[in-house]
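For reference, the structure discussed in these notes is given below.
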Amino acid sequence: MPDQPVRVRFPPSPTGLLHVGSARTALYNWLFARHAGGKLVLRFEDTDRARSTDAAVEQALRVLEWLGIDWDEGPSRQTERYPRYAAAASGLIDAGRAYRCYCTAKELDAEREARQRSQQPLIYSGRCRRLSDEQRAAYEAEGRSSVVRLVMDPAGETVIDDIVRGTVTWDNALQGDFIVLRSDGSPTYQFANPLDDIEAEISHVIRGEDLLSSTPRQLAVYRAMGAGEPRFAHLPMILGPDKKRLSKRHGAVSVEEFRDRGYLAETMRNYLALIGWSFDDKTTVMTTAELVERFTLERVNTSPGVFDFAKLEWLNGEHLRMLAPERFCDELLEHLERSGSPLAAQPERVREVAPIVQEKLRELSQFESYGAFLFGPAVYDDEAVGRVVDDPDAPRALESARAALERLVEWTAASIEEALRAACDETGLKPRVLFGPVRVAISGRSVAPGLFESLALLGRDESMARIDTLGRRFTLEG
RNA sequence: GCCCCCAUCGUCUAGUGGCCUAGGACUCCAGCCUUUCACGCUGGCAACACCGGUUCGAACCCGGUUGGGGGUACCA
(Lines give C-alpha, C1' and ligand atoms only; values in the text may rest on other atoms or scores of the structure.)
Protein backbone atom coordinates (compact mmCIF):
# COMPACT_ATOMS: atom_id res chain seq x y z
CA MET A 1 0.00 0.00 0.00
CA PRO A 2 2.40 2.66 -1.15
CA ASP A 3 2.14 6.38 -0.49
CA GLN A 4 -0.58 6.07 2.06
CA PRO A 5 -0.50 8.74 4.72
CA VAL A 6 1.40 7.47 7.74
CA ARG A 7 -0.95 6.51 10.52
CA VAL A 8 0.37 4.48 13.42
CA ARG A 9 -1.04 3.53 16.76
CA PHE A 10 -0.02 2.66 20.29
CA PRO A 11 -2.52 0.25 21.85
CA PRO A 12 -1.52 -0.68 25.40
CA SER A 13 -3.69 -2.93 27.48
CA PRO A 14 -4.22 -1.21 30.81
CA THR A 15 -3.53 -4.20 32.98
CA GLY A 16 -0.54 -2.98 34.93
CA LEU A 17 2.24 -0.47 35.05
CA LEU A 18 3.44 0.83 31.74
CA HIS A 19 6.90 -0.66 31.57
CA VAL A 20 9.91 0.24 29.51
CA GLY A 21 9.12 -2.30 26.81
CA SER A 22 5.76 -0.70 26.07
CA ALA A 23 7.32 2.72 26.38
CA ARG A 24 9.86 1.80 23.76
CA THR A 25 7.09 0.65 21.43
CA ALA A 26 5.21 3.89 22.04
CA LEU A 27 8.38 5.86 21.41
CA TYR A 28 9.15 4.14 18.12
CA ASN A 29 5.63 4.72 16.89
CA TRP A 30 5.86 8.34 17.95
CA LEU A 31 9.28 8.86 16.37
CA PHE A 32 8.11 7.23 13.18
CA ALA A 33 4.96 9.36 13.02
CA ARG A 34 6.75 12.60 13.82
CA HIS A 35 9.57 11.86 11.44
CA ALA A 36 7.12 11.18 8.63
CA GLY A 37 4.66 13.90 9.53
CA GLY A 38 2.02 11.25 10.18
CA LYS A 39 -0.52 10.64 12.92
CA LEU A 40 -0.32 8.64 16.12
CA VAL A 41 -3.48 7.07 17.47
CA LEU A 42 -3.78 6.09 21.13
CA ARG A 43 -6.18 3.36 22.12
CA PHE A 44 -6.62 1.24 25.21
CA GLU A 45 -7.20 -2.43 24.65
CA ASP A 46 -9.23 -3.18 27.73
CA THR A 47 -11.16 -6.21 26.57
CA ASP A 48 -9.68 -8.21 29.43
CA ARG A 49 -12.14 -6.79 31.90
CA ALA A 50 -10.85 -8.74 34.85
CA ARG A 51 -7.39 -7.26 34.61
CA SER A 52 -7.96 -3.84 33.07
CA THR A 53 -8.22 -0.93 35.47
CA ASP A 54 -8.87 2.79 35.27
CA ALA A 55 -5.81 3.32 37.39
CA ALA A 56 -3.67 1.69 34.74
CA VAL A 57 -5.21 3.91 32.07
CA GLU A 58 -4.43 6.99 34.10
CA GLN A 59 -0.94 5.81 34.83
CA ALA A 60 -0.27 5.17 31.15
CA LEU A 61 -1.54 8.63 30.28
CA ARG A 62 0.73 10.17 32.91
CA VAL A 63 3.75 8.26 31.66
CA LEU A 64 3.16 9.22 28.05
CA GLU A 65 2.75 12.84 29.02
CA TRP A 66 5.91 12.78 31.07
CA LEU A 67 7.79 11.11 28.23
CA GLY A 68 6.61 13.83 25.91
CA ILE A 69 4.88 11.34 23.64
CA ASP A 70 1.78 13.08 22.35
CA TRP A 71 -0.90 11.59 20.15
CA ASP A 72 -3.23 12.93 17.51
CA GLU A 73 -6.32 10.79 17.96
CA GLY A 74 -7.87 9.09 20.94
CA PRO A 75 -7.53 7.78 23.49
CA SER A 76 -10.34 5.38 22.73
CA ARG A 77 -11.26 2.25 24.61
CA GLN A 78 -12.31 -1.01 23.11
CA THR A 79 -14.90 -1.60 25.78
CA GLU A 80 -16.77 1.34 24.31
CA ARG A 81 -17.04 -0.35 20.96
CA TYR A 82 -18.46 -3.76 21.82
CA PRO A 83 -21.54 -3.30 19.60
CA ARG A 84 -19.27 -2.62 16.69
CA TYR A 85 -17.32 -5.85 17.18
CA ALA A 86 -20.47 -7.87 17.62
CA ALA A 87 -21.92 -6.42 14.43
CA ALA A 88 -18.76 -7.16 12.52
CA ALA A 89 -18.79 -10.72 13.81
CA SER A 90 -22.35 -11.38 12.80
CA GLY A 91 -21.62 -9.90 9.42
CA LEU A 92 -18.81 -12.40 9.05
CA ILE A 93 -21.10 -15.23 10.11
CA ASP A 94 -23.62 -14.17 7.50
CA ALA A 95 -20.87 -14.09 4.90
CA GLY A 96 -19.81 -17.57 5.89
CA ARG A 97 -16.42 -16.35 7.13
CA ALA A 98 -17.12 -17.08 10.75
CA TYR A 99 -19.27 -19.52 12.68
CA ARG A 100 -20.59 -20.37 16.08
CA CYS A 101 -18.67 -23.01 17.96
CA TYR A 102 -20.34 -24.96 20.76
CA CYS A 103 -17.39 -27.01 21.92
CA THR A 104 -17.00 -27.13 25.68
CA ALA A 105 -13.77 -26.52 27.50
CA LYS A 106 -13.64 -30.20 28.29
CA GLU A 107 -14.00 -31.20 24.66
CA LEU A 108 -11.37 -28.72 23.63
CA ASP A 109 -8.97 -30.00 26.26
CA ALA A 110 -9.44 -33.57 25.13
CA GLU A 111 -8.82 -32.56 21.56
CA ARG A 112 -5.69 -30.71 22.50
CA GLU A 113 -4.35 -33.59 24.54
CA ALA A 114 -4.85 -35.99 21.68
CA ARG A 115 -2.95 -33.69 19.38
CA GLN A 116 -0.25 -33.30 21.95
CA ARG A 117 0.20 -37.04 22.13
CA SER A 118 0.44 -37.45 18.40
CA GLN A 119 2.87 -34.52 18.14
CA GLN A 120 0.45 -32.47 16.13
CA PRO A 121 0.15 -28.70 16.28
CA LEU A 122 -2.26 -27.63 19.00
CA ILE A 123 -4.97 -26.03 16.92
CA TYR A 124 -8.73 -26.27 16.90
CA SER A 125 -10.04 -28.98 14.63
CA GLY A 126 -12.81 -26.87 13.16
CA ARG A 127 -15.36 -29.39 14.30
CA CYS A 128 -18.21 -26.87 14.55
CA ARG A 129 -17.49 -25.29 11.20
CA ARG A 130 -19.92 -27.47 9.30
CA LEU A 131 -22.63 -27.95 11.87
CA SER A 132 -26.03 -28.59 10.34
CA ASP A 133 -28.94 -26.42 11.39
CA GLU A 134 -30.33 -29.33 13.37
CA GLN A 135 -27.10 -29.88 15.27
CA ARG A 136 -26.87 -26.22 16.00
CA ALA A 137 -30.44 -26.16 17.22
CA ALA A 138 -29.78 -29.18 19.36
CA TYR A 139 -26.79 -27.52 21.03
CA GLU A 140 -28.81 -24.38 21.60
CA ALA A 141 -31.64 -26.43 23.10
CA GLU A 142 -29.08 -28.12 25.29
CA GLY A 143 -28.27 -24.69 26.61
CA ARG A 144 -24.68 -24.79 25.43
CA SER A 145 -22.94 -21.47 25.21
CA SER A 146 -21.08 -20.61 22.04
CA VAL A 147 -18.20 -18.54 20.81
CA VAL A 148 -17.61 -17.18 17.33
CA ARG A 149 -14.62 -18.47 15.41
CA LEU A 150 -13.11 -17.11 12.23
CA VAL A 151 -12.78 -19.48 9.30
CA MET A 152 -9.12 -19.91 8.46
CA ASP A 153 -8.44 -21.16 4.97
CA PRO A 154 -5.99 -24.04 5.45
CA ALA A 155 -4.67 -23.73 1.92
CA GLY A 156 -1.45 -21.94 1.06
CA GLU A 157 0.55 -19.69 3.30
CA THR A 158 0.47 -16.23 4.78
CA VAL A 159 3.42 -14.05 3.93
CA ILE A 160 4.36 -10.61 5.17
CA ASP A 161 7.18 -8.33 4.21
CA ASP A 162 8.13 -7.10 7.64
CA ILE A 163 10.03 -3.83 7.56
CA VAL A 164 12.54 -4.99 10.12
CA ARG A 165 12.55 -8.75 9.58
CA GLY A 166 11.96 -9.13 5.89
CA THR A 167 9.84 -11.97 4.58
CA VAL A 168 8.10 -14.07 7.20
CA THR A 169 5.97 -17.03 6.18
CA TRP A 170 3.35 -19.16 7.94
CA ASP A 171 1.67 -22.33 6.78
CA ASN A 172 -2.06 -21.61 6.82
CA ALA A 173 -2.83 -25.22 7.64
CA LEU A 174 -1.22 -24.64 11.02
CA GLN A 175 -3.37 -21.71 12.05
CA GLY A 176 -6.72 -23.15 13.09
CA ASP A 177 -9.99 -21.29 13.50
CA PHE A 178 -9.54 -18.88 16.38
CA ILE A 179 -12.07 -17.20 18.60
CA VAL A 180 -13.16 -13.68 17.71
CA LEU A 181 -16.09 -13.37 20.10
CA ARG A 182 -16.20 -14.97 23.52
CA SER A 183 -19.27 -16.67 24.87
CA ASP A 184 -20.19 -13.47 26.68
CA GLY A 185 -20.15 -11.63 23.38
CA SER A 186 -16.97 -9.68 24.05
CA PRO A 187 -14.28 -9.56 21.39
CA THR A 188 -10.86 -11.12 21.77
CA TYR A 189 -7.67 -9.22 21.17
CA GLN A 190 -7.13 -11.11 17.93
CA PHE A 191 -10.31 -9.60 16.58
CA ALA A 192 -10.69 -6.19 18.17
CA ASN A 193 -7.12 -5.21 17.44
CA PRO A 194 -7.13 -5.65 13.67
CA LEU A 195 -10.68 -4.39 13.40
CA ASP A 196 -9.75 -1.15 15.11
CA ASP A 197 -6.66 -0.86 12.97
CA ILE A 198 -8.76 -1.27 9.85
CA GLU A 199 -11.23 1.38 10.87
CA ALA A 200 -8.51 3.78 12.01
CA GLU A 201 -6.81 3.23 8.67
CA ILE A 202 -3.54 2.33 10.29
CA SER A 203 -0.76 2.22 7.72
CA HIS A 204 2.03 0.72 9.80
CA VAL A 205 1.74 -1.72 12.67
CA ILE A 206 4.84 -1.21 14.80
CA ARG A 207 4.90 -3.53 17.81
CA GLY A 208 6.94 -6.01 19.80
CA GLU A 209 8.15 -9.28 18.42
CA ASP A 210 5.96 -11.10 20.91
CA LEU A 211 3.10 -10.25 18.58
CA LEU A 212 4.76 -11.54 15.44
CA SER A 213 3.11 -14.93 15.50
CA SER A 214 -0.34 -13.44 15.91
CA THR A 215 0.05 -11.65 12.59
CA PRO A 216 -1.44 -14.36 10.37
CA ARG A 217 -4.59 -14.44 12.50
CA GLN A 218 -4.97 -10.69 12.34
CA LEU A 219 -4.30 -10.63 8.64
CA ALA A 220 -7.09 -13.17 8.29
CA VAL A 221 -9.40 -10.60 9.87
CA TYR A 222 -8.26 -8.00 7.38
CA ARG A 223 -9.03 -10.38 4.54
CA ALA A 224 -12.36 -11.46 5.93
CA MET A 225 -13.29 -7.80 6.21
CA GLY A 226 -12.04 -7.10 2.74
CA ALA A 227 -9.65 -4.48 4.01
CA GLY A 228 -6.28 -3.39 2.65
CA GLU A 229 -3.33 -4.62 4.68
CA PRO A 230 -0.88 -2.49 6.66
CA ARG A 231 2.88 -2.76 6.71
CA PHE A 232 4.31 -4.51 9.73
CA ALA A 233 7.43 -3.78 11.73
CA HIS A 234 8.16 -6.13 14.62
CA LEU A 235 10.59 -4.74 17.15
CA PRO A 236 13.08 -6.88 19.02
CA MET A 237 12.26 -7.69 22.64
CA ILE A 238 13.90 -6.00 25.58
CA LEU A 239 15.50 -8.50 27.93
CA GLY A 240 16.81 -8.42 31.48
CA PRO A 241 20.48 -8.99 32.33
CA ASP A 242 19.78 -12.73 32.49
CA LYS A 243 18.52 -12.63 28.90
CA LYS A 244 15.02 -13.38 30.04
CA ARG A 245 12.14 -11.13 29.24
CA LEU A 246 12.51 -7.95 31.27
CA SER A 247 10.36 -8.04 34.39
CA LYS A 248 10.07 -6.65 37.89
CA ARG A 249 12.59 -9.03 39.32
CA HIS A 250 15.30 -7.32 37.28
CA GLY A 251 14.71 -4.08 39.14
CA ALA A 252 12.90 -1.00 37.98
CA VAL A 253 10.84 -1.63 34.89
CA SER A 254 8.00 0.83 35.15
CA VAL A 255 8.78 4.15 33.56
CA GLU A 256 7.59 6.02 36.63
CA GLU A 257 10.21 4.35 38.75
CA PHE A 258 12.91 5.81 36.55
CA ARG A 259 11.28 9.20 36.66
CA ASP A 260 11.12 9.02 40.45
CA ARG A 261 14.76 8.16 40.72
CA GLY A 262 15.62 11.27 38.84
CA TYR A 263 15.95 10.21 35.25
CA LEU A 264 15.11 12.83 32.66
CA ALA A 265 12.44 12.19 30.07
CA GLU A 266 15.06 13.25 27.55
CA THR A 267 17.33 10.48 28.82
CA MET A 268 14.63 7.85 28.63
CA ARG A 269 13.77 8.76 25.05
CA ASN A 270 17.42 8.65 24.08
CA TYR A 271 18.15 5.38 25.86
CA LEU A 272 14.98 3.56 24.83
CA ALA A 273 15.54 4.59 21.23
CA LEU A 274 18.92 2.89 21.39
CA ILE A 275 17.63 -0.54 22.37
CA GLY A 276 16.96 -1.94 18.95
CA TRP A 277 17.91 1.03 16.85
CA SER A 278 21.03 3.00 16.07
CA PHE A 279 21.77 6.01 13.93
CA ASP A 280 25.30 5.15 12.92
CA ASP A 281 28.47 3.60 14.26
CA LYS A 282 29.35 6.29 16.78
CA THR A 283 26.43 8.40 17.88
CA THR A 284 25.03 7.69 21.32
CA VAL A 285 23.93 10.90 22.96
CA MET A 286 21.07 12.50 21.06
CA THR A 287 18.46 15.10 21.73
CA THR A 288 14.86 14.28 21.00
CA ALA A 289 14.86 16.57 18.00
CA GLU A 290 17.78 14.61 16.60
CA LEU A 291 15.99 11.35 17.30
CA VAL A 292 12.93 12.51 15.38
CA GLU A 293 15.04 13.66 12.51
CA ARG A 294 17.12 10.50 12.32
CA PHE A 295 14.72 7.70 13.17
CA THR A 296 13.85 5.19 10.48
CA LEU A 297 12.42 1.69 10.75
CA GLU A 298 15.01 0.49 8.27
CA ARG A 299 17.67 0.86 10.93
CA VAL A 300 15.81 -1.10 13.56
CA ASN A 301 17.58 -4.26 14.70
CA THR A 302 16.36 -7.81 14.58
CA SER A 303 17.99 -9.22 17.68
CA PRO A 304 16.74 -8.73 21.23
CA GLY A 305 18.53 -6.29 23.51
CA VAL A 306 19.41 -6.38 27.17
CA PHE A 307 18.37 -3.41 29.24
CA ASP A 308 21.59 -1.95 30.64
CA PHE A 309 20.94 0.01 33.83
CA ALA A 310 24.54 1.21 34.04
CA LYS A 311 24.47 2.72 30.59
CA LEU A 312 21.17 4.41 31.28
CA GLU A 313 22.68 5.96 34.39
CA TRP A 314 25.69 7.22 32.46
CA LEU A 315 23.45 8.63 29.75
CA ASN A 316 21.38 10.47 32.32
CA GLY A 317 24.55 12.11 33.60
CA GLU A 318 25.25 13.25 30.06
CA HIS A 319 21.79 14.75 29.66
CA LEU A 320 21.90 16.31 33.11
CA ARG A 321 25.09 18.12 32.17
CA MET A 322 23.64 19.22 28.84
CA LEU A 323 20.82 21.01 30.61
CA ALA A 324 20.88 24.79 30.83
CA PRO A 325 21.43 25.72 34.51
CA GLU A 326 17.91 27.06 34.94
CA ARG A 327 16.37 23.95 33.49
CA PHE A 328 18.56 21.81 35.69
CA CYS A 329 17.18 23.73 38.67
CA ASP A 330 13.63 23.26 37.48
CA GLU A 331 14.08 19.55 37.02
CA LEU A 332 15.76 19.26 40.37
CA LEU A 333 13.04 21.15 42.19
CA GLU A 334 10.38 19.11 40.49
CA HIS A 335 12.13 15.93 41.51
CA LEU A 336 12.53 17.04 45.11
CA GLU A 337 8.87 17.91 45.32
CA ARG A 338 7.75 14.68 43.79
CA SER A 339 9.90 12.61 46.07
CA GLY A 340 8.65 14.52 49.09
CA SER A 341 12.07 15.78 50.02
CA PRO A 342 12.20 18.37 52.82
CA LEU A 343 14.69 20.29 50.70
CA ALA A 344 11.85 21.19 48.36
CA ALA A 345 10.74 23.65 51.02
CA GLN A 346 13.83 25.75 50.31
CA PRO A 347 13.69 26.38 46.58
CA GLU A 348 15.92 29.44 46.77
CA ARG A 349 18.62 27.49 48.53
CA VAL A 350 18.25 24.68 46.03
CA ARG A 351 18.86 27.16 43.26
CA GLU A 352 22.05 28.31 44.95
CA VAL A 353 23.34 24.82 45.47
CA ALA A 354 22.28 23.33 42.14
CA PRO A 355 25.08 24.80 40.01
CA ILE A 356 27.82 23.22 42.08
CA VAL A 357 26.38 19.71 41.82
CA GLN A 358 25.08 19.69 38.27
CA GLU A 359 28.19 18.15 36.81
CA LYS A 360 28.39 15.51 39.52
CA LEU A 361 25.00 13.87 39.40
CA ARG A 362 23.92 10.90 37.37
CA GLU A 363 20.52 10.68 38.98
CA LEU A 364 18.66 13.64 40.48
CA SER A 365 18.02 11.52 43.53
CA GLN A 366 21.73 11.80 44.34
CA PHE A 367 21.27 15.48 45.07
CA GLU A 368 20.48 14.97 48.71
CA SER A 369 23.53 12.90 49.43
CA TYR A 370 25.75 15.46 47.72
CA GLY A 371 24.17 18.64 48.94
CA ALA A 372 22.32 17.96 52.20
CA PHE A 373 25.14 19.43 54.29
CA LEU A 374 24.39 22.80 52.74
CA PHE A 375 20.82 22.67 54.02
CA GLY A 376 21.39 21.56 57.58
CA PRO A 377 23.90 19.98 59.91
CA ALA A 378 26.46 17.74 58.29
CA VAL A 379 26.03 14.05 58.80
CA TYR A 380 29.44 12.63 59.51
CA ASP A 381 30.48 9.53 57.66
CA ASP A 382 32.47 7.34 60.03
CA GLU A 383 34.93 6.23 57.44
CA ALA A 384 35.62 9.74 56.19
CA VAL A 385 36.06 11.03 59.73
CA GLY A 386 38.20 8.05 60.60
CA ARG A 387 40.53 8.80 57.76
CA VAL A 388 40.97 12.36 59.01
CA VAL A 389 41.50 11.27 62.59
CA ASP A 390 44.17 8.83 61.50
CA ASP A 391 45.92 11.48 59.46
CA PRO A 392 48.83 12.96 61.47
CA ASP A 393 48.76 16.08 59.31
CA ALA A 394 45.08 16.71 59.85
CA PRO A 395 45.31 18.86 63.00
CA ARG A 396 47.80 21.12 61.32
CA ALA A 397 45.72 21.24 58.14
CA LEU A 398 42.59 22.17 59.99
CA GLU A 399 44.33 24.73 62.12
CA SER A 400 46.01 26.51 59.23
CA ALA A 401 42.85 26.45 57.15
CA ARG A 402 41.01 27.92 60.10
CA ALA A 403 43.53 30.66 60.57
CA ALA A 404 43.56 31.52 56.88
CA LEU A 405 39.81 31.68 56.65
CA GLU A 406 39.50 33.71 59.80
CA ARG A 407 41.55 36.50 58.27
CA LEU A 408 39.33 36.73 55.22
CA VAL A 409 37.54 40.01 54.67
CA GLU A 410 35.48 38.91 51.73
CA TRP A 411 33.78 35.49 51.88
CA THR A 412 33.63 34.32 48.28
CA ALA A 413 34.70 31.18 46.52
CA ALA A 414 37.55 33.03 44.87
CA SER A 415 38.88 34.62 48.03
CA ILE A 416 38.49 31.36 49.91
CA GLU A 417 40.49 29.54 47.30
CA GLU A 418 43.18 32.16 47.44
CA ALA A 419 43.41 31.95 51.20
CA LEU A 420 43.49 28.18 51.33
CA ARG A 421 46.15 27.94 48.67
CA ALA A 422 48.21 30.44 50.57
CA ALA A 423 47.82 28.23 53.61
CA CYS A 424 49.23 25.36 51.59
CA ASP A 425 52.28 27.42 50.77
CA GLU A 426 52.76 28.49 54.35
CA THR A 427 52.48 25.06 55.85
CA GLY A 428 54.07 23.19 53.00
CA LEU A 429 51.12 20.81 53.02
CA LYS A 430 49.92 19.52 49.69
CA PRO A 431 46.51 20.74 48.60
CA ARG A 432 44.97 17.31 48.93
CA VAL A 433 46.35 16.94 52.45
CA LEU A 434 45.11 20.30 53.57
CA PHE A 435 41.78 20.32 51.76
CA GLY A 436 40.73 16.81 52.67
CA PRO A 437 40.11 17.40 56.36
CA VAL A 438 38.36 20.68 55.62
CA ARG A 439 36.01 18.94 53.26
CA VAL A 440 35.15 16.32 55.83
CA ALA A 441 34.72 19.00 58.44
CA ILE A 442 32.12 20.92 56.52
CA SER A 443 30.36 18.16 54.64
CA GLY A 444 30.94 15.11 56.78
CA ARG A 445 32.00 13.18 53.71
CA SER A 446 35.01 12.68 51.54
CA VAL A 447 32.92 12.97 48.40
CA ALA A 448 31.37 16.39 47.99
CA PRO A 449 30.94 19.30 45.62
CA GLY A 450 33.77 21.75 45.05
CA LEU A 451 35.30 22.82 48.33
CA PHE A 452 35.58 26.57 47.80
CA GLU A 453 32.09 26.92 46.43
CA SER A 454 30.78 24.82 49.26
CA LEU A 455 32.46 26.98 51.89
CA ALA A 456 31.15 30.10 50.21
CA LEU A 457 27.61 28.77 50.25
CA LEU A 458 27.88 27.53 53.80
CA GLY A 459 28.82 30.96 55.10
CA ARG A 460 31.62 32.02 57.31
CA ASP A 461 30.12 31.31 60.72
CA GLU A 462 28.84 27.88 59.94
CA SER A 463 32.05 26.93 58.16
CA MET A 464 34.22 27.96 61.07
CA ALA A 465 31.95 26.20 63.51
CA ARG A 466 32.16 22.95 61.60
CA ILE A 467 35.93 23.17 61.31
CA ASP A 468 36.15 23.70 65.05
CA THR A 469 33.84 20.80 65.71
CA LEU A 470 36.04 18.40 63.82
CA GLY A 471 39.17 19.98 65.26
CA ARG A 472 37.92 19.20 68.72
CA ARG A 473 38.01 15.50 67.95
CA PHE A 474 41.77 15.66 68.17
CA THR A 475 41.96 17.22 71.56
CA LEU A 476 39.45 14.69 72.85
CA GLU A 477 41.05 11.70 71.31
CA GLY A 478 44.61 12.87 71.44
C1' G B 1 5.18 -31.36 20.88
C1' C B 2 4.24 -27.81 16.75
C1' C B 3 5.16 -22.87 14.51
C1' C B 4 7.87 -18.26 14.15
C1' C B 5 12.04 -15.03 15.23
C1' C B 6 17.13 -14.21 16.63
C1' A B 7 22.73 -15.12 17.00
C1' U B 8 29.59 -9.51 16.47
C1' C B 9 33.39 -7.63 22.93
C1' G B 10 30.06 -8.88 29.75
C1' U B 11 26.14 -5.07 27.70
C1' C B 12 24.16 -1.55 23.58
C1' U B 13 25.84 -1.63 18.75
C1' A B 14 28.72 -0.38 13.54
C1' G B 15 29.41 -3.67 9.76
C1' U B 16 24.79 -5.68 3.78
C1' G B 17 31.86 -10.09 -0.04
C1' G B 18 37.77 -7.39 -0.21
C1' C B 19 38.02 -0.47 3.40
C1' C B 20 38.04 -5.65 9.37
C1' U B 21 45.08 -7.89 12.16
C1' A B 22 36.39 -6.09 13.19
C1' G B 23 35.01 0.42 14.65
C1' G B 24 32.16 3.32 18.56
C1' A B 25 29.63 3.54 23.46
C1' C B 26 28.66 1.58 28.62
C1' U B 27 31.12 -1.32 32.40
C1' C B 28 35.97 -2.67 34.35
C1' C B 29 41.43 -1.72 34.84
C1' A B 30 45.85 1.63 34.47
C1' G B 31 47.48 6.59 33.96
C1' C B 32 46.95 11.97 33.28
C1' C B 33 44.37 16.41 34.89
C1' U B 34 42.77 17.81 39.59
C1' U B 35 41.11 19.99 46.36
C1' U B 36 38.02 14.47 46.97
C1' C B 37 34.36 12.61 43.85
C1' A B 38 32.53 13.60 39.22
C1' C B 39 33.81 15.67 34.46
C1' G B 40 37.59 15.60 30.72
C1' C B 41 41.82 13.21 28.38
C1' U B 42 45.19 8.88 27.23
C1' G B 43 45.84 3.78 27.12
C1' G B 44 44.25 -1.31 28.14
C1' C B 45 41.17 -5.97 28.70
C1' A B 46 37.32 -7.89 25.65
C1' A B 47 33.53 -10.43 20.20
C1' C B 48 32.26 -12.31 14.49
C1' A B 49 28.38 -19.43 18.67
C1' C B 50 29.75 -24.13 15.95
C1' C B 51 30.16 -27.19 11.39
C1' G B 52 29.82 -27.48 6.32
C1' G B 53 29.04 -25.03 1.49
C1' U B 54 29.30 -20.91 -2.34
C1' U B 55 33.51 -17.65 -3.78
C1' C B 56 39.94 -15.82 -5.91
C1' G B 57 38.16 -13.89 -1.11
C1' A B 58 33.48 -14.36 3.93
C1' A B 59 31.37 -11.32 10.28
C1' C B 60 28.67 -10.37 5.90
C1' C B 61 25.48 -15.26 1.03
C1' C B 62 23.35 -20.65 1.58
C1' G B 63 22.46 -25.23 4.56
C1' G B 64 22.77 -27.68 9.11
C1' U B 65 23.89 -27.86 14.45
C1' U B 66 23.70 -25.60 19.05
C1' G B 67 21.91 -21.84 22.02
C1' G B 68 18.38 -17.96 23.25
C1' G B 69 13.58 -15.62 22.67
C1' G B 70 8.37 -15.51 21.28
C1' G B 71 3.78 -17.92 20.16
C1' U B 72 0.69 -22.05 20.49
C1' A B 73 -5.71 -19.18 25.80
C1' C B 74 -13.09 -17.63 25.80
C1' C B 75 -4.65 -12.86 28.11
C1' A B 76 -3.14 -8.99 25.38
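- A sub-4.0 Å separation between OP1 or OP2 of U35(B) and a side-chain N or O of Arg421(A) is present.
- Asn193(A) comes within 4.0 angstrom of nothing in the nucleic acid, heavy atoms only.
- Taking side-chain N and O atoms only, Thr302(A) has no distance below 4.0 Å to OP1 or OP2 of C5(B).
- Rounded to a whole Å, the CD atom of Glu209(A) is 12 Å from the C1' atom of A7(B).
- Geometric assessment of Arg149(A) against the ring of Tyr99(A) yields a negative cation-pi assignment under the 6.0 Å and 45° thresholds.
- For Glu318(A), the side-chain atoms get nearest to G40(B) when compared with the rest of A14(B), G40(B), C4(B).
- Arg245(A) has a side-chain polar atom (N or O) that falls below the 4.0 Å cut-off from OP1 or OP2 of G71(B).
- No close placement of the Phe295(A) and Phe279(A) rings is indicated, their centers lying 6.0 Å or farther apart.
- Interface remark: the Ser183(A) side chain does form a donor-acceptor pair with the C74(B) base, using a distance-only criterion of under 3.5 Å.
- At a cut-off of 3.5 angstrom, the base of A25(B) holds no donor-acceptor pair with the side chain of Lys282(A).
- For Arg432(A) against U35(B), a side-chain-to-base donor-acceptor contact under 3.5 Å is absent.
- Note on Arg112(A): a side-chain N or O is less than 4.0 Å away from OP1 or OP2 of A73(B).
- Candidate nucleotides G24(B), C74(B), U35(B) were compared by shortest atom distance to the side chain of Ser145(A), and C74(B) ranks first.
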